[in-house]
Amino acid sequence: MQNKGKYYLTTAIAYTSGKPHIGNTYEAILADAIVRYKRADGYDVHFQTGSDEHGQKIESRAIEAGCDSPKEFVDQVSGVIKDIWNKVGTSYDRFIRTTDDDHVKQVQKIFKKFYDQGDIYKGSYKGKYCTECEAFYTDSQLKDGKCPVCGGDVHESEEEAYFFKMSNYTQKLIDYINEHPEFIQPESRKNEMMNNFLLPGVQDLCVSRTSFKWGIPVDFDDKHVVYVWLDALANYITGIGYDVDGNSSEEFKKYWPADLHLIGKDILRFHTIYWPIFLMALGLPMPKQIFGHPWLLQGGEKMSKSKGNVIYADDLVDLFGVDAVRYFVLHEMPFDNDGTITWELMVERFNSDLANTLGNLVSRTIAMSNKYFDGVVEDKGANEPVDDDLKSVVTGTYKVVEEKMDELRVADSLTEIFNLFKRCNKYIDETEPWVLAKDDSKKDRLATVLYNLTESIMIGVSLLAPFMPETATKTAENFNTQLRSFDSLSSFGAYPNGNKVSAEPVMLFARKDMETVLKQTAEITEKQKNEFFESQEKAAVNLDKAGRTQDADKIRDNLKKLRGDAGSSDEEAIDIEPKAEIAYDDFAAMQFQVGEVIKCEAVPKSKKLLCSQIKVGSKTLQIVSGIHKYYEPEDMVGKKVMVLVNLKPAKLAGVTSEGMILCAEDAEGNLSLMVPEKKMPSGAEIC
RNA sequence: CGCGGGGUAGAGCAAUCCGGAAGCUCGUCGGGCUCAUAACCCGGAGGUUGCAGGUUCAAAUCCUGUCCCCGCUACCA
């Protein structure tokens, strides 16, 4: 096989805040399929993946998990990630961790270099600071002027921080992107980045933090730790031996620039704006392509633990086997739309594509060789015109797949390969071997047909190997031969004449019964939910121990809500955060009256707001309220509601609001209008 | 008129950039076959491409308007 040059591919490194679900795992599988394909196609491949282990969130999670140190926590989670990656067969060359010594040292050097050359400057970060949460919030994040997280007081504060001067490089980056249309893929994403971020101007990025400790320390100013994204992005070069001082490894010189950064569409911004700019500042060449892949959704929704709809790769593998899982995620994922996974879909695909089309094909072919020729496969040269079409489909598949793979159309490639197998099934029908078997004079023809089938399947599974390595190998073993190299797939007839197939072939995929599987998955879901609740309870206890009682209470509140959702049907009373005691005068200062809604319409540019005209006595007030989710304008008209009438007018979404309609709110945030229990005239005082 | 994605057969998707007989997989119905894992092969039914206009010889595709769904956003007084 000729050497086609080097190919360096990376995935995003997985954030170690918890166990990755199948949507996260998809990226590793996709990367692995591409990489195995490239290797088989003659490239010198380097494949890097890993885990992203710093940051405040991880610091908190470590406490919640009851770990003595963040490092203990990330060691554990990184291990889980690595196990899952291994379980789905990821053939990475390096699994980098951002806590690895070589990475840490280089990130510090990179930071220093940026500072020395003037790309990073020391400035200050101004904003509202919550001491309780040790965090800054922007004005828009505040809730009623209080901290949105803990509800405590915030004060104007200033903290020193390092900033990266983005404006030094933005024009250069815009030019680069315009000159390299293939740089950001799929292309629709390119426009999004340009219009939303680059063209309006990129703000200087705050690249250090002092509010927490779990990060790479800035070595010349150790109050600060390096911003996690600068830390994380650098892995792509540190992992192959980049050295700021010019002593980079041979590996780095060989593989950089990366041929492909494979990432989720949600983090495209960091990879197409900040990362290229960091590279420019280091004087390094740009990666060739950044591909933002879509998401795998569970039944149309994002997976989340609290929704209880998470599907994990290891559960899938236990139920269906590695290759079935790989097949599913690779095949079901469209090129630039989000894909869907459900247990039902998984079973359907498994049965129809894997068991019926492929598994059964291999099984019936081998069975016939054993039955009619005692396992010996031999081309007797008894060709007929029907063979030609089969052969042309089979020998043409490699070229079609190659074209698809060049565009990273992995799902389409798989479809092409399975079309080959379908063609084989049809060939059996066309040639009717069982009829030939009854006629002694057709023995050579029968042998030839079985040879053609065997050869076709071997070409097919050789192409399939990058996507489903285990299946390809098993099939080759069943036929008692080796997988082919890609450069031999366009010619027919390499299966050794007279070779004997296995007398007892391994079944590739046994059909699954839907009901049985659904029963199993229900158990898994139930178990997951309980584990989640348990871990949350433990987290609350651990937070208490660490003195973060408010966070602990938040988790408990949340749990209560979720448990309510989960179905205990008896109505629960709810507790809310108590407010400070007030004097009677404070109460008397508020004027409440009954108002009648005489007109109501939705606020045009808003989803949640309704604008009502409310008659209170002889006056009419215009009041905007965020209740559209629960009430339609026509439901409102004619209702007598409770109104706070002496509230200072304010503008909401550009519309003036002169008061407040009072509602009761339950734990899920559902609203109910407060209405008088007996008939009351408009304007009646509520006291 | 906040940003973005989407609405095509019962389900999941393709074709949309660059107009040219609406296609694929699953399911369903009918037929064939018996080598094989209730499998495989053939055929049928099922769509006014969200809705309404416009451009054109020709519109899923281009233009205008409109309705719904999903993310993000926050303005839920």
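Chain identifiers are assigned alphabetically (A, B, ...) following the order of the sequence lines, protein sequences preceding nucleic acid strands; residue numbering begins at 1 within each chain. All values below were derived from every heavy atom in this structure, side-chain atoms included, with hydrogens, water molecules and symmetry-related copies excluded.
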Report summary line: Rounded to whole Å, the CE-C1' distance (Met346(A) to U25(B)) equals 16 Å
Report task. Please measure how far the C1' atom in U49(B) lies from the corresponding atom in C29(B), and state the result in whole Å. Result -> 25 Å
Query raised in the report: Is the shortest distance from a Lys or Arg side-chain nitrogen in Glu416(A) or Arg409(A) to a carboxylate oxygen in the other one below 4.0 Å?
Result: no
Query raised in the report: How many Å lie between CZ on Arg349(A) and C1' on C13(B), as a whole number?
Result: 10 Å
Query - Nearest-angstrom distance, P atom, A52(B) to C67(B) - result: 15 Å
Query raised in the report: Can you list every pair that meets salt bridge (Lys or Arg N to Asp or Glu O under 4.0 Å) and has a residue in residues 511-521 of chain A, with sequence neighbours left out?
Result: none
Report task. Mind calculating the distance between CG (Leu361(A)) and P (C40(B)) to the nearest angstrom? Result -> 10 Å
Requested in this report: With sequence neighbours left out, write down each residue that passes salt bridge (charged side-chain N to carboxylate O under 4.0 Å, His left out) with Asp318(A), or none if nothing qualifies.
Outcome: Lys87(A)
**Report entry** Whole-Å C1' distance, G2(B) and A14(B)
**Finding:** 32 Å
Which pairs of donor and acceptor atoms, one on a side chain in residues 370-377 of chain A, lie under 3.5 Å apart (sequence neighbours left out)?
residue: Asn370(A); atom: ND2; partner: Ile366(A); partner atom: O; Å: 3.4
residue: Asn370(A); atom: ND2; partner: Ser502(A); partner atom: O; Å: 3.1

Requested in this report: Quick one: label Ile623(A) by what it contacts on the DNA or RNA (base, sugar-phosphate, nothing), any heavy atom closer than 4.0 Å.
Outcome: sugar-phosphate
Query raised in the report: With rounding to whole Å, what would you report as the distance between C68(B) and C76(B) at their P atoms?
Result: 23 Å
Requested in this report: For the residue pair Asp353(A) and Tyr327(A), establish whether any side-chain heavy-atom pair is separated by less than 4.5 Å.
Outcome: yes
Query raised in the report: Who does C17(B) pair with, Watson-Crick or G-U, both distances under 3.5 Å?
Result: none
Query raised in the report: How is Lys512(A) classified with respect to the nucleic acid when contacts are heavy atoms under 4.0 Å: base, sugar-phosphate, or nothing?
Result: nothing
Requested in this report: Provide the distance between the two C1' atoms, one in C62(B) and one in C41(B), to the nearest whole Å.
Outcome: 43 Å
Query - Earlier contact from the 5' end, RNA chain B, for Thr357(A) and Leu345(A) - result: Leu345(A)
Provide a list of protein-nucleic acid N or O atom pairs under 3.5 angstrom, restricted to nucleotides 32-35 of chain B.
residue: C35(B); atom: O2; partner: Arg364(A); partner atom: NE; Å: 3.2
residue: C35(B); atom: N3; partner: Arg364(A); partner atom: NE; Å: 3.4
residue: C35(B); atom: N3; partner: Arg364(A); partner atom: NH2; Å: 2.6
residue: C35(B); atom: N4; partner: Arg364(A); partner atom: NH2; Å: 3.1

Query raised in the report: Counting side-chain heavy atoms from C-beta on, which of A77(B), U25(B), U37(B) comes nearest to Met660(A)?
Result: A77(B)
Query - Gap between atoms CZ and P, on Phe421(A) and U37(B) respectively (whole Å) - result: 19 Å
**Report entry** Any side-chain donor near an acceptor of the partner, Glu685(A) and Gln593(A), under 3.5 Å
**Finding:** no
Requested in this report: Just say parallel, tilted or perpendicular for the rings of His271(A) and Trp229(A), cut-offs at 30° and 60°.
Outcome: perpendicular
Report task. Find the distance Arg423(A):CZ to C42(B):C1' and express it as a whole number of Å. Result -> 13 Å
Requested in this report: Would you classify Val362(A) as touching base, sugar-phosphate or nothing, given that sugar-phosphate means primed atoms plus P, OP1 and OP2, and contacts are heavy atoms under 4.0 Å?
Outcome: nothing
Query - Integer angstrom distance from the C1' of U55(B) to that of A15(B) - result: 22 Å
Requested in this report: Quickly, which of Asp379(A), Asp440(A), Asp387(A) forms a salt bridge (Lys or Arg N to Asp or Glu O under 4.0 Å) with Arg445(A)? Name it, please.
Outcome: Asp387(A)
Requested in this report: Send over the distance from Met507(A) CE to A38(B) C1', rounded to a whole Å.
Outcome: 12 Å
Requested in this report: Once you apply the 3.5 Å cut-off to both distances, tell me the Watson-Crick or G-U wobble partner of A22(B), or none.
Outcome: none
Query - Contact under 4.0 Å: Lys426(A) side-chain N or O vs C42(B) OP1/OP2 - result: yes
Query - From CA spacing to verdict: side chain to side chain donor-acceptor pair (under 3.5 Å), Gln622(A), Gln613(A) - result: CA-CA 5 Å; Gln622(A) 169 169 295; Gln613(A) 305 298 326; 3.0 Å; yes
**Report entry** Strand-adjacent residues in residues 470-480 of chain A, judged by heavy atoms under 4.0 Å from RNA chain B
**Finding:** none
Report task. Take the protein atom NE2 of His331(A) and the nucleotide atom C1' of C24(B), then report the distance between them rounded to whole Å. Result -> 9 Å
**Report entry** Which nucleotide in C41(B), A77(B), C40(B) has an atom nearest any side-chain atom of Asn356(A)
**Finding:** C40(B)
**Report entry** Donor-acceptor side-chain pairing of Tyr427(A) and Asp389(A) below 3.5 angstrom
**Finding:** no
Query - Interatomic distance at P, G30(B) relative to U66(B), whole Å - result: 48 Å
Requested in this report: Counting Watson-Crick and G-U wobble pairs only, both distances under 3.5 Å, name the nucleotide matched with G30(B), or none.
Outcome: C42(B)
Report summary line: To the nearest angstrom, the CG-C1' distance between Asp412(A) and A14(B) comes to 9 Å
Query raised in the report: Does Asp388(A) have any salt bridge (charged side-chain N to carboxylate O under 4.0 Å, His left out) partners at least two apart in sequence or in another chain, and if so, which?
Result: none
Requested in this report: Take atom P in A21(B) and the same atom in G27(B), then report the distance between them in whole Å.
Outcome: 30 Å
